[in-house]
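Side-chain atoms are counted along with the backbone in the values below, which use heavy atoms only and exclude waters and symmetry mates.
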Amino acid sequence: MSDVPAGSKPDSGKSEMFGPERTCPSCGEPWLRPTQLAGRYRCVNCLVRFQLMAYCPNCGEHSTMVRMRDSEDMVCVRCGGSMLKPV
């Protein structure tokens with residue numbers, strides 16, 4: 001018998017190759033991955049490409065790219081919208 005409670009999944013031992021998971025603004029799945037270009041991301045689920053913006057596409061609030069680069073979630077501090085723009 002397993003020590004895993006019923007209805008829960010055992011730890012899959014996720015690979016740290018891609019770093020923290022990011023949610024795609026287009027499809028909502030956690031498959032957003034950085035590309036070889038700085039500030040560019042691509043969802044491996046829906047294949048939409050995104051660019052990290054220095055300003056919020058929703059409200060225009062400016063934010064520094066250095067602070068956002070290491071951020072796990074790329075959301076606007078003012079309106080909560082995504083700082084990613086489809087390319």
Listed by chain and number, what are the salt bridge (charged side-chain N to carboxylate O under 4.0 Å, His left out) partners of E61, not counting sequence neighbours?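 Scan of E61 (salt bridge (charged side-chain N to carboxylate O under 4.0 Å, His left out), adjacent residues dropped) gives R78.
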What's the shortest heavy-atom distance between [X] and [Y], and which atoms?
X   : Y   : answer
K85 : P57 : CB-CG, 4.3 Å
N58 : C79 : CB-SG, 4.0 Å
C24 : F50 : SG-CE1, 3.7 Å
R22 : P34 : NH1-CD, 4.3 Å
V48 : P86 : CG1-CB, 4.5 Å
L32 : T23 : CD2-O, 4.0 Å

Pick out which of P25, C27, S26 makes a side-chain contact (heavy atoms from CB on, under 4.5 Å) with C43. C27
CZ on R49 to CG on L37, rounded to 0.5 Å: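 It comes to 9.0 Å.
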What's the separation between atom CZ in R33 and atom CG in N45, rounded to the nearest 0.5 Å? 10.5 Å
Kindly determine whether L47 and R42 satisfy side chain to side chain contact (heavy atoms under 4.5 Å, CB included), including the steps that lead there. CA-CA 6 Å; L47 303 178; R42 182 176 183 180; 3.6 Å; yes
Take C76 and S82 through the test side chain to side chain contact (heavy atoms under 4.5 Å, CB included) and record every step on the way to the result. CA-CA 6 Å; C76 176; S82 176; over 6 Å; no
Backbone N or O of R40 within a donor-acceptor pair of the T35 side chain at under 3.5 Å?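 Such a contact is found between T35 side chain and R40 backbone.
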Side-chain contact test, heavy atoms from C-beta onward, threshold under 4.5 Å: evaluate it for M74 versus Y41 and give yes or no. yes
